[in-house]
Amino acid sequence: MLGLALVGLAGQTPQALAQAFPNRPIKFIVPFGPGSGTDTSARYFARQLQELTGQPVVVENKPGANGFIAVKSVLSMPPDGYTVFIGSNSTLAVNAALFKALPYDPVKDFSPLTMMMRSPAMLAASPKAPYSTLQELIRYARQNAGKVNFGAGSAGYQLMGELFNDTAGIKTVHVPFKGAGEAITAVASDTVGYTFAEVTAVQELAKSGKVKALAVAADQRVGTSPDVPTAAEAGLPGFEAYTWVGAVVNVKTPAAETAKLAELFTTISKMQETREFYERLGATPMTGGPMQMHEFQKKEIALWQRIVQKAHVPQQ
C-alpha cells in the first residue's frame, strides 16, 4: 500500500508543481543598463507579472560584452523558470550574424515565451555637430570620410550604423558602448558625432535640446515625436531599422513552467494598458506566443546575415 501511495504521489507531483508555479521570486536578466528600451520593457513587464502572480519580480542589469555576460548568467542559473532573459534584436538575432564563434546559440539555447515590443531606431546627433539634418550629416561624412564617429550601444545598433553607411554611401567609424544609455550620453557630450537608439532613449533628450534627432528609421513618423521626419522624408528612402524585445528562458526549463510563463507574458502583451504604455514611448507592443516568436527570430537572424554581407561588415 505504501508503494502504491508513493507511486501515486510521484505521478501527481509535476502537475501540482505546475499549478503552484510561480511560488517564489522571479528574476529578469537584462543585457543592457538602465534607461535602455530593453530595460524599460523589462521593468514594465516585471510590474505586471508581479501583479498577476503575487510574486516579487526582480530586474537585474548585466550590460557589456555584447550581451554575453547576461546570457552566461542566465544559462548558468537553474533552469526552473525563475530566471527569464529579456533579450533584444542584438542578443537574440544580430549576434548570430555578427560573430563567427558565438558562445551561445540564440535559437537552440533558449525557449521563446513571447515578443514584447518593437520600436524604430532614431538617429541622434551631437548638439555641437556641424549638421542638423540627415542630408547635412551625409554630406559632411562624405567630405570627411573615415573621420566621423558613430556610437553603438549594442551589436544591433552597430549593424544599423553600417547599414546606414551602405545605404547613404558614406564611411564612418564605429565606437562601441555598453548600452544605449552610454551611447546617448556620449553623443550629448560630443564624444561621438551620432548614434542610433530607441525612440524611448532619444526623444526626451531631443526635446530638451541635449541631442539633435535627425530622423526616425521607420515607414511613418512616431506619434510622440511628430516633428522628426522619417529617413525617407529626410532624403534617404529605403532605410528602415527597428529594435525589438522578447522574453526567453533556458531551453532546459520544464515544459510546464515554460508554458505558464508564456501564457503570463502573452496576457501582459495583449493588455490595453500595455498598448497605451508603449504608445507613450513611441513604440508598439508585439503579441504572439512561443511559435510566433520562434519564426520571427529565425527571420530576423536571416535578415541581419544578409545585411552583414551587403554592408561588408567583418565578422568578429
Side-chain angles (χ1 to χ4, degrees), residues 13-33 36 38-39 41-46 48-50 52-53 55-99 101-117 154-156 244-269 286 288-298 300-301:
T13 299
Q15 182 179 4
L17 287 175
Q19 291 175 345
F21 178 84
N23 55 21
R24 56 186 175 85
I26 297 172
K27 182 184 298 183
F28 285 2
I29 302 296
V30 179
F32 305 112
S36 66
T38 307
D39 175 75
S41 289
R43 294 183 186 280
Y44 172 79
F45 270 73
Q48 297 298 334
L49 185 61
Q50 185 165 313
L52 288 177
T53 64
Q55 298 297 329
V57 181
V58 179
V59 177
E60 286 192 6
N61 299 90
K62 294 183 178 294
N66 296 288
F68 298 171
I69 295 173
V71 170
K72 182 179 179 180
S73 175
V74 173
L75 295 179
S76 66
M77 298 293 287
D80 53 13
Y82 288 94
T83 301
V84 179
F85 182 58
I86 307 299
S88 67
N89 52 299
S90 293
T91 48
L92 297 177
V94 172
N95 281 353
L98 193 59
F99 292 89
L102 195 63
Y104 68 97
D105 189 310
V107 175
K108 295 181 180 180
D109 287 343
F110 296 104
S111 293
L113 300 179
T114 189
M115 300 303 301
M116 295 162 68
M117 62 82 81
S154 69
W244 50 265
V245 178
V248 297
V249 292
N250 190 321
V251 72
K252 297 178 182 179
T253 303
E257 280 76 0
T258 301
K260 181 62 177 180
L261 283 172
E263 177 188 346
L264 290 166
F265 269 77
T266 302
T267 296
I268 296 170
S269 70
M286 294 183 72
M291 287 303 298
Q292 291 90 336
M293 181 175 176
H294 179 69
E295 292 302 316
F296 178 83
Q297 187 182 7
K298 289 196 300 182
E300 280 284 293
I301 291 174

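Just so it is clear, the model here is predicted, and its values are computed rather than measured.
Between the CH2 atom of W244 and the CZ atom of F296 there is a distance of 5.5 Å, given to the nearest 0.5 Å. For the atom pair CZ (F28) and CD1 (I86), the distance works out to 4.5 Å, reported to the nearest 0.5 Å. Interatomic distance, CE of M117 versus OG1 of T38, reported as 7.5 Å (0.5 Å rounding). Taking CZ of F45 as the reference point, atom CG of L264 lies at 11.0 Å (rounded to 0.5 Å). With rounding to the nearest 0.5 angstrom, the CG atom of N250 is 12.0 Å from the CZ atom of F85.
Remark: Q50 pairs with P56, V57 by the side-chain contact (heavy atoms from CB on, under 4.5 Å) rule, at least two apart or across chains. Considering only residues two or more places apart in sequence or on other chains, S41 meets the side-chain hydrogen bond (donor to acceptor under 3.5 Å, both in side chains) condition with Y278. The side-chain hydrogen bond (donor to acceptor under 3.5 Å, both in side chains) check on N61 picks up D39, R43, with sequence neighbours excluded. With sequence neighbours excluded, no residue satisfies side-chain hydrogen bond (donor to acceptor under 3.5 Å, both in side chains) with S111. Annotation: side-chain contact (heavy atoms from CB on, under 4.5 Å) contacts of T114 (sequence neighbours excluded): F265, T266, S269. For S154, the side-chain hydrogen bond (donor to acceptor under 3.5 Å, both in side chains) test picks out S90, with sequence neighbours left out.
Nearest heavy-atom pair, L261 versus G81, reported as atom, atom and distance to 0.1 Å: CD1-O, 3.3 Å. When all heavy atoms of L113 and T258 are compared, the pair lying nearest together is CD2-O, 3.6 Å. Nearest approach of G156 to N89, heavy atoms of both residues: CA-ND2, 4.1 Å. Shown here for A155 and L98, the closest heavy-atom pair between the two residues is CB-CD2, 3.5 Å.
For the pair T83 and V249, the minimum side-chain heavy-atom distance is 4.5 Å or more. Annotation: side chain of Y44 is not in contact with side chain of M116 (no heavy-atom distance under 4.5 Å). V251 has its side chain out of reach of F110: every pair of non-hydrogen atoms, C-beta onward, lies at least 4.5 Å apart. Using a 4.5 Å heavy-atom threshold, the side chains of V248 and M293 count as touching.
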- Query: Under the side-chain contact (heavy atoms from CB on, under 4.5 Å) criterion, do N23 and Y82 qualify, and how do the steps go?
  - Reply: CA-CA 9 Å; N23 55 21; Y82 288 94; 2.8 Å; yes
Which donor-acceptor pairs under 3.5 Å do side chains of residues 62-79 form with protein atoms, sequence neighbours excluded?
unit_1, atom_1, unit_2, atom_2, d
S76, OG, K72, O, 3.1
S76, OG, S73, O, 2.8

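Residue pairs meeting the salt bridge (charged side-chain N to carboxylate O under 4.0 Å, His left out) criterion with at least one partner in residues 20-32, sequence neighbours excluded, are R24-D80, K27-E60. Sorted by first then second residue, the salt bridge (charged side-chain N to carboxylate O under 4.0 Å, His left out) pairs that include residues 103-115, not counting sequence neighbours, number zero.
Electrostatic pairing of K298 and E295 counts as a salt bridge here, judged by a charged N lying under 4.0 Å from a carboxylate O.
A donor-acceptor pair is defined here as one N or O able to donate and one able to accept, closer than 3.5 Å; such a pair exists between the side chain of Q297 and the backbone of P106.
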